[in-house]
Chemist: 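Following this message is one structure expressed as structure tokens.
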Amino acid sequence: MAQAADRIRSGGVIAYPTETVYGLGADPFNPSAFNRIFALKGRESEKGLILLIRGRRDLDALVEDISRAAEVLMEAFWPGPLTLVFPASPHLPNHLLGSTSTIALRISDAPVASSLLQYVGGTLTSTSANRSGRPPARNAREALDDLGSDVDLILDGGTARDPRPSTLVDVSVPQPQILRPGRIAESEISKVLTSR
């Protein structure tokens with residue numbers, strides 16, 4: 001874990017297990033490392049990337065506003081497979097946002113990912129570990145087969161217990177919108193929002 005954190009701090013890119021599939025981890029504030037992920041995946045950089053944070057204490061530096069709906073969803077589903085799209089802090093570097101003014105964040109409940117964040121001491125990218133158009137890696141072997149030596153290190157945390165992606169909800173708008181279905185059902189999201 002310490003070796004993986006050192007690679008990330010020195011601008012490297014690693015593959016690691018999350019609570020969904022394996023992700024690609026890099027320092028999001030290092031433009032070179034951040035852009036290396038897009039090149040590795042063969043993906044356009046306009047979309048931005050999902051970031052993992054250690055806890056609520058990391059939100060203030062990354063987001064401009066936290067709505068009541070966001071508070072309710074965080075209380076109900078964090079840590080876990082829910083990614084929330086917030087209005088981004090105006091102080092964030094442009095490369096983090098792509099062509100948007102929002103940022104997608106999640107607190108993971110995966111032991112390896114959570115531990116890695118503590119070793120790194122900050123935020124981590126968490127896009128799926130695969131080339132664009134190919135299935136996300138569900139274990140270290142699949143990550144190695146797909147990405148090979150293009151990543152600097154792969155943390156083996158076994159096979160993903162549930163390969164469905166995190167549910168992606170936009171809380172930067174007045175009425176929260178599900179942008180991507182995932183592990184947390186739309187009915188669960190709606191129930192929590194209407195009961196608070």
Chemist: Are the side chain of Thr18 and the backbone N or O of Thr20 linked by a donor-acceptor pair below 3.5 Å?
Modeler: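 Yes, because the side chain of Thr18 sits within donor-acceptor range (under 3.5 Å) of the backbone of Thr20.
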Chemist: Is the backbone of Val192 close enough, under 3.5 Å, to the side chain of Ser195 for a donor and an acceptor to pair up by distance?
Modeler: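 A pair under 3.5 Å: yes.
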Chemist: Between Arg161 and Glu19, is the side-chain contact (heavy atoms from CB on, under 4.5 Å) condition met? List the steps.
Modeler: CA-CA 8 Å; Arg161 61 181 187 248; Glu19 69 275 34; 4.0 Å; yes
Chemist: So does Asp146 pair up with Arg138, basic N to acidic O under 4.0 Å?
Modeler: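 Answer for the salt bridge query: no.
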Chemist: Are the side chains of Asp109 and Ser114 in contact, using a 4.5 Å heavy-atom criterion?
Modeler: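 Heavy-atom side-chain distance check fails, nothing below 4.5 Å.
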Chemist: Hey, quick one: are Leu117 and Leu96 part of the same hydrophobic cluster, counting side-chain heavy atoms closer than 4.5 Å, chains of contacts allowed?
Modeler: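 In one cluster with Leu117: Leu96, no.
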Chemist: Find out whether Ile14 and Val151 are in side-chain contact, i.e. whether some heavy atom of one side chain is under 4.5 Å from a heavy atom of the other.
Modeler: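 Ile14 does not reach Val151 side chain to side chain.
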Chemist: Is any side-chain heavy atom of Gln177 less than 4.5 Å from a side-chain heavy atom of Val169?
Modeler: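 No, their side chains stay 4.5 Å or more apart.
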Chemist: Kindly say whether Lys191 contributes a backbone atom to a donor-acceptor pair with the side chain of Thr194 at under 3.5 angstrom?
Modeler: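 Yes; judged by distance alone, with no hydrogens or angles, the pair exists.
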Chemist: For Met1 versus Ser115, what's the shortest heavy-atom pair and its separation?
Modeler: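 Looks like CE-OG, 3.8 Å.
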Chemist: Please report, to 0.1 Å, the donor-acceptor pairs under 3.5 Å made by any side chain of residues 48-60, with sequence neighbours excluded.
Modeler:
from	atom 1	to	atom 2	distance (Å)
Arg54	NE	Asp58	OD2	3.1
Arg54	NH1	Gly121	O	3.3
Arg54	NH2	Asp58	OD1	2.8
Arg56	NH1	Glu71	OE1	3.4
Arg56	NH2	Glu71	OE1	3.1
Arg56	NH2	Glu71	OE2	3.3
Asp58	OD2	Arg54	N	2.8

Chemist: Applying salt bridge (charged side-chain N to carboxylate O under 4.0 Å, His left out), can you list everything that pairs with Arg36, at least two apart in sequence or on another chain?
Modeler: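 Asp152.
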Chemist: Looking only at heavy atoms, which two atoms of Ala143 and Ala15 are closest? And how far apart?
Modeler: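 So the two residues come closest at CB-CB, 4.3 Å.
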Chemist: Which heavy atom in Ala5 sits nearest to a heavy atom in Tyr119, and how many Å separate them?
Modeler: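 Where Ala5 meets Tyr119 most closely, the heavy atoms are CB-CB, 3.7 Å.
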Chemist: Does a side-chain heavy-atom distance below 4.5 Å link Tyr16 with Leu124?
Modeler: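 Tyr16 reaches Leu124 side chain to side chain.
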Chemist: Assess whether side chain to side chain donor-acceptor pair (under 3.5 Å) is satisfied between Thr159 and Arg141, documenting all intermediate values.
Modeler: CA-CA 9 Å; Thr159 298; Arg141 169 52 62 185; over 6 Å; no
Chemist: In a table with atom names and distances, give each donor-acceptor pair under 3.5 Å that connects a side chain of residues 72-93 to protein atoms at least two apart or in another chain.
Modeler:
from	atom 1	to	atom 2	distance (Å)
Trp78	NE1	Leu82	O	2.8
Thr83	OG1	Arg106	NH1	3.0
Thr83	OG1	Ser166	OG	2.8
Ser89	OG	His91	N	3.2

Chemist: Show me the donor-acceptor pairs, under 3.5 Å and distance only, between side chains in residues 21-30 and residues at least two apart or in other chains.
Modeler:
from	atom 1	to	atom 2	distance (Å)
Tyr22	OH	Gly157	N	2.9
Tyr22	OH	Gly158	N	3.3
Tyr22	OH	Gly158	O	2.6
Asp27	OD1	Phe29	N	2.9
Asn30	OD1	Ser32	N	3.0
Asn30	OD1	Ala33	N	3.1

Chemist: Does Ile8 share a hydrophobic cluster with Leu62, counting links as ILVMFWY side-chain heavy atoms below 4.5 Å and allowing steps through other members?
Modeler: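 Each belongs to a different hydrophobic cluster.
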Chemist: Between Asp150 and Leu40, what is the shortest heavy-atom contact and its length?
Modeler: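 Taking every non-hydrogen atom into account, O-CD1, 3.3 Å.
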Chemist: Could you name each residue pair satisfying salt bridge (Lys or Arg N to Asp or Glu O under 4.0 Å) that touches residues 120-130, not counting sequence neighbours?
Modeler: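 Pairs touching residues 120-130 that pass the test: none.
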Chemist: Measuring only between side-chain heavy atoms, which start at C-beta, is Leu97 closer than 4.5 Å to Thr102?
Modeler: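 Leu97 vs Thr102: side chains apart.
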Chemist: Locate the shortest heavy-atom distance separating Lys41 from Asn130; write the atom from each residue and the value.
Modeler: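 Smallest heavy-atom distance, with atoms named: NZ-O, 3.2 Å.
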Chemist: Do Ile103 and Ile107 belong together in a cluster built from hydrophobic side chains that touch within less than 4.5 Å?
Modeler: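 Yes; tracing contacts between hydrophobic side chains, which count when under 4.5 Å, links both residues.
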Chemist: Can you run down the salt bridge (Lys or Arg N to Asp or Glu O under 4.0 Å) pairs that involve residues 111-125, sequence neighbours left out, and say none if there aren't any?
Modeler: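 Not a single pair qualifies under salt bridge (Lys or Arg N to Asp or Glu O under 4.0 Å).
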Chemist: Looking at every heavy atom in both Arg183 and Arg164, which two are closest together, and how far apart are they?
Modeler: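 Here Arg183 and Arg164 meet closest at CG-O, 3.4 Å.
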